[in-house]
Amino acid sequence: MSAYSSDLDLTVTDATGNGVEVDVATNLLNGTVRLSVLWTQEIYLHPDDAEQVAQSLLRAAEHGRRIAEARDSGTGQTTSSSVSSPR
């Protein structure tokens with residue numbers, strides 16, 4: 001099981017059609033945010049897809065802040081609707 005929770009609302013692939021994907025995930029243990037470009041080192045996005053990635057990063061940042069604040073306050077409580085393993 002992974003400590004990362006991927007944003008299931010994000011379904012963005014490379015504009016050139018080569019199957020490259022982007023993944024945004026939050027570490028449920030410490031609140032850090034992971035941005036992954038899967039299957040390659042770069043990705044070309046249509047403007048609408050770039051906006052989706054930006055919105056996903058903003059959601060992950062807020063989720064990460066809540067996790068870090070809970071950890072720092074000693075409650076240790078986290079909430080997540082999905083836990084995924086790295087792709």
Quiz item: Do you know the tightest heavy-atom contact between N18 and D14?
Solution: OD1-CB, 3.2 Å
Exercise. Can you measure from CG (L10) to CD (Q52) and round to the nearest 0.5 angstrom?
Key: 6.5 Å
Quiz item: Looking at G31 and T26, what are the two nearest heavy atoms and their distance?
Solution: O-CG2, 4.1 Å
Practice problem: Determine yes or no for a side-chain-to-main-chain donor-acceptor pair under 3.5 angstrom, with S36 supplying the side chain and L38 the backbone. | Solution: no
Quiz item: To the nearest 0.5 Å, what is the distance between OG (S2) and CG (N27)?
Solution: 7.5 Å
Exercise. Specify the closest pair of heavy atoms between E42 and V20, including all atoms of both residues, with the distance to one decimal.
Key: O-CG1, 3.8 Å
Quiz item: So, does R71 use its side chain to make a donor-acceptor pair with the main chain of N30 at under 3.5 Å?
Solution: yes
Self-check item: Point-to-point distance, once rounded to the nearest 0.5 Å, from CG of L45 to OG1 of T16
Solution: 10.0 Å
Practice problem: With sequence neighbours excluded, tell me which residues meet side-chain contact (heavy atoms from CB on, under 4.5 Å) with V33. | Solution: V24, L57, A60
Self-check item: Heavy-atom closest contact (L28 atom, H63 atom, distance)
Solution: CD2-CE1, 3.8 Å
Self-check item: Cluster link V37 to Y44, ILVMFWY, side chain under 4.5 Å
Solution: no
Practice problem: Give, for atom CD1 of I67 and atom CG of D72, the distance between the pair rounded to the nearest 0.5 Å. | Solution: 11.5 Å
Practice problem: Please name the pair of heavy atoms, one in D49 and one in T13, separated by the smallest distance, quoted to 0.1 Å. | Solution: OD2-O, 4.0 Å
Practice problem: Could you please spell out the steps behind the side-chain contact (heavy atoms from CB on, under 4.5 Å) verdict for D9 and R59? | Solution: CA-CA 10 Å; D9 292 332; R59 287 190 299 270; 3.9 Å; yes
Exercise. Could you tell me whether R66 and E69 make a salt bridge, using a distance below 4.0 angstrom between a side-chain N and a carboxylate O?
Key: no
